[in-house]
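Worksheet: one structure, shown below.
From a predicted model like this one, the values you see are computed outputs, not experimental measurements.
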There are 2 protein chains.
Amino acid sequence: MIKKKKRAVTIKDIAREAGVSISTVSFAFNGTAPVAQETKDRIFEVINRLNYRPNSAARGLVTRKTNNICLFTPHPTSDFFSFSGNGVFSDLMQGIGEVLDQKDYNLLISWDTVGHKAKTPKLIRLIREQAMDGVLICLPSQDSSIINELNEHNFPLVIIGGADKNTAVNTVDVDNHEISYRVTRHLLELGHKRIAFISPGQLEFLVCEDRLEGYKEAMSDAGLKLRDDYIYIGDETESSGYRAVETFLSLKEPPTAIVAGRDIQAVGVLEYTKEHNIAVPETLALVSFENSQHAEKHGITSITTNLYEIGKEGAKLLIKLLNRKKERAAQNMVIPSGLVVRTSSKPSVSEPPAPSDSTEEEVTRVRTRGRKT
Amino acid sequence: MIKKKKRAVTIKDIAREAGVSISTVSFAFNGTAPVAQETKDRIFEVINRLNYRPNSAARGLVTRKTNNICLFTPHPTSDFFSFSGNGVFSDLMQGIGEVLDQKDYNLLISWDTVGHKAKTPKLIRLIREQAMDGVLICLPSQDSSIINELNEHNFPLVIIGGADKNTAVNTVDVDNHEISYRVTRHLLELGHKRIAFISPGQLEFLVCEDRLEGYKEAMSDAGLKLRDDYIYIGDETESSGYRAVETFLSLKEPPTAIVAGRDIQAVGVLEYTKEHNIAVPETLALVSFENSQHAEKHGITSITTNLYEIGKEGAKLLIKLLNRKKERAAQNMVIPSGLVVRTSSKPSVSEPPAPSDSTEEEVTRVRTRGRKT
DNA sequence: AGTGGCATTGAAAGCACTTACATTCATCAG
DNA sequence: CTGATGAATGTAAGTGCTTTCAATGCCACT
């Protein structure tokens with residue numbers, strides 16, 4: 001095989017080979033102008049024969065599009081990535097990837113660089129370099145300075161999983177406040193009064209704050225007063241659930257039910273109750289979030305947070321944004337959640353009965369809100 | 001705020017504002033030619049004031065570099081992503097991301113598109129479009145047609161986790177064959193003769209094949225004959241481990257020890273033994289791979305497979321490749337593994353003793369092999 | 001035959017950079 | 001004093017594409 005500085009095939013090559021001008025090739029390839037069927041056939045024959053694909057840099061230079069979309073996440077070892085124990089990140093990514101793929105967008109991953117606070121955030125750098133068309137930010141913390149900056153510059157942006165409700169920005173998420181209200185309400189309806197809450201993580205994450213608030217509101221609405229000692233700030237580990245029950249049950253007035261912020265914590269709770277022979281749900285009822293395999297395996301009542309769906313809708317929304325000429329109001333998209341009642345909150349019969357609240361029947365509710373622009 | 005079709009600031013703007021030519025700006029910014037300190041200062045003042053960053057498409061067009069590196073993986077819901085239960089993908093990605101970040105490369109993620117066999121693989125498309133400089137392929141299956149194609153075109157490529165030893169291609173991985181030999185050997189040294197093996201997944205994954213082969217070789221070397229009924233093809237689930245023991249123990253001559261292909265399977269094994277009151281390690285000894293949190297938590301003897309390190313080295317190697325002018329022989333980099341002996345393969349004393357075989361002490365061995373080119 | 005209209009196609013101007021090469025100007029050896 | 005040297009800077013070509021606008025040819029219709 002003869003080695004030459006083998007340049008990739010360009011539009012020029014196609015034009016020459018097909019005996020037409022380069023603009024005609026461009027028109028034919030992109031379908032941006034009418035080209036006689038005969039010439040079109042000839043051109044495509046050459047394109048396929050030579051495996052031509054337009055150089056993305058050259059094309060991007062003139063069209064000002066990169067077809068890259070950046071997924072900006074917290075640090076991969078952080079809380080978030082182990083959210084739900086396993087597979088959550090995969091679910092999200094798969095949802096995103098699926099729609100991006102279909103629309104021929106590329107997925108760029110970026111996260112806050114460790115210990116480089118001094119440097120311009122990588123995300124900002126990428127934007128200045130015009131290296132991507134839009135960004136999906138997932139699980140932002142309360143420090144929304146970056147988000148605000150992007151938003152002001154009017155950069156296409158969708159936030160996934162926990163958006164500050166006070167910012168006029170496009171979001172896709174489950175309504176953590178509402179579902180937390182719902183699971184707490186479920187326990188209340190079973191007659192529980194002393195209900196404790198385990199936060200899924202640090203409260204600076206909006207998911208966590210929202211879930212806590214939903215719990216609080218449900219309690220207040222039920223006329224129950226909130227107790228600080230019924231709130232435990234957990235993390236992404238099983239053992240944080242374990243330690244939480246341990247703490248709760250050592251109280252003078254221990255709770256009779258627990259809302260765990262995530263399934264893996266609920267697993268930790270069950271580990272404790274099993275070790276200490278505490279009857280679930282008779283002595284201690286338990287509900288949780290995510291409805292993951294863990295919940296299914298351990299019979300934990302849990303409410304779904306469909307990350308796959310969230311990713312998918314987030315990507316769709318972002319792409320819609322990119323194709324929009326004129327400004328529009330920011331959209332807050334809510335992915336429906338279904339409560340799946342299992343033995344952890346119900347006298348065990350045999351098999352978990354049908355969900356009281358099916359995911360399938362609900363419909364995505366979309367709320368819009370004004371934007372200053 | 002006045003809305004204008006706000007073009008990003010270009011090198012031209014900087015040149016005008018600083019009163020120099022654009023080439024001087026380019027020289028100063030990139031340090032590619034000497035520029036008087038005074039002018040350099042003036043230029044950088046303007047650059048910082050206007051937040052200039054060179055347009056990546058324009059720059060890429062002439063330099064033929066994108067600074068994008070693609071991580072090509074199996075489908076995100078596949079076996080691989082849940083490899084090790086949780087966090088493995090994160091570990092790998094973090095390792096990769098860390099070094100890429102430092103060198104100002106961007107991370108592009110791509111995986112085989114579902115059900116689009118007809119379409120040109122996305123990876124090939126990206127390469128033809130010259131949308132990335134190099135690719136990290138992780139956990140390839142035996143179908144190495146894509147790899148061969150890339151390799152023939154001399155496209156910068158590093159394979160992570162399971163490379164076909166017969167292809168002259170750059171790889172970074174633990175030596176699955178060797179570590180499998182080692183864990184099996186460990187059981188043999190404890191006096192076991194009837195040792196069964198659970199494959200971590202379908203044998204088309206090279207990791208799986210390698211681990212199986214290592215087991216087989218250790219058995220053969222010990223003068224023991226291989227039995228088909230001592231081999232079970234598992235998957236990424238706990239229950240595959242459960243089913244595996246169940247199968248093994250129903251044999252006329254059940255094994256006295258098991259090599260589980262991954263920690264999560266070992267967990268499934270322990271679940272079974274616990275339920276059926278089978279003494280571990282007395283009646284059934286157990287070893288596994290990965291040395292994940294699962295292994296630690298359940299006291300499973302396991303051998304490390306440091307994905308973080310693998311990712312890091314893989315990225316480093318790829319970047320080295322990109323900066324190399326002349327061709328060099330392909331490198332096969334082996335990340336060391338350490339066997340951590342715990343109670344699952346040792347009469348339980350109290351706490352797991354010090355590892356018999358510490359990771360720290362080993363040194364990365366690098367093998368090279370000729371390449372045809 | 002002349003003319004207008006339409007469908008195709010081509011020529012050329014960017015897009016924002018890098019870089020080979022030319023130019024300038026001061027300095028210094030002869 | 002002159003020409004050579006070399007550092008600093010500028011000029012312009014080229015990167016592969018899109019897109020505007022002009023040119024061409026063909027046909028029907030007058």
By nearest atom, which of the nucleotides D:dG16, C:dC17, D:dC17 is closest to the A:I11 side chain? D:dC17

Interatomic distance where NZ belongs to A:K65 and P belongs to D:dC17 [whole Å]: 18 Å

Any idea which heavy atoms bring A:L126 and A:M132 closest together, and the distance? CB-SD, 3.8 Å

Please report, rounded to the nearest Å, how far the P atom of D:dG16 is from the CD1 atom of A:I22. 11 Å

Considering all heavy atoms, the nearest A:D133-A:L322 contact: O-CD2, 3.3 Å

Which label fits A:Y52 and A:F29: parallel for a plane angle under 30°, tilted from 30 to 60°, or perpendicular past 60°? perpendicular

Bending between helix ends of the helix from C:dA1-D:dT30 to C:dG30-D:dC1 [5 pairs per end, 10° resolution]: 70°

Just by distance, no angles: are the side chains of B:S26 and B:S23 close enough, under 3.5 Å, to form a donor-acceptor pair? no

Side-chain atoms of A:P54 come closest, of D:dG16, D:dT9, D:dC17, to D:dC17

Taking the nucleotide of DNA chain D with the nearest heavy atom to each, does A:A58 or B:S21 sit closer to the 5' end? B:S21

Establish, with yes or no, whether the OP1 or OP2 oxygen of C:dA16 is under 4.0 angstrom from a side-chain nitrogen or oxygen of B:R59. no

Nearest heavy-atom approach of A:I160 to A:L136 is CD1-CD2, 3.8 Å

Grab the two heavy atoms, one from B:W111 and one from A:E98, that are nearest each other, plus how far apart they are. CZ2-N, 4.5 Å

Proximal nucleotide (of D:dC17, D:dT15, D:dT18) relative to the B:R64 side chain: D:dT15

Expressed in angstrom and rounded to an integer, what is the separation of A:I14 atom CD1 from D:dC17 atom C1'? 13 Å

Does A:D104 pair with B:R125 as a salt bridge, N-O distance under 4.0 Å? yes

Looking only at heavy atoms, what is the nearest atom pair of B:A315 and B:V99, with distance? CB-CG2, 3.3 Å

Under a 4.0 Å threshold between the charged nitrogen and the carboxylate oxygen, would B:E313 count as salt-bridged to B:K316? yes

Under-3.5 Å donor-acceptor pair between B:T24 side chain and D:dA8 base: no

Grab the CG-C1' distance between A:N55 and C:dA16 for me, whole Å please. 14 Å

Once you round it to whole Å, what is the distance between C1' of C:dA7 and NZ of A:K40? 13 Å

Send over the distance from B:L61 CG to D:dG14 C1', rounded to a whole Å. 9 Å

Under 4.0 Å, heavy atom to any atom of DNA chain C: which of residues 25-34 of chain A qualify? A:F27, A:P34

Take atom NZ of B:K12 and atom P of C:dT18, then tell me their distance rounded to the nearest Å. 14 Å

Hey, is the side chain of B:T39 poking within less than 4.0 Å of OP1 or OP2 on D:dT9, counting only N and O atoms? yes

Quick test of your reading of the model: are B:E17 and B:R49 salt-bridged, counting only N-O distances below 4.0 Å? yes

What does B:T10 touch in the nucleic acid at a heavy-atom separation under 4.0 angstrom: a base, only the sugar-phosphate, or nothing? sugar-phosphate

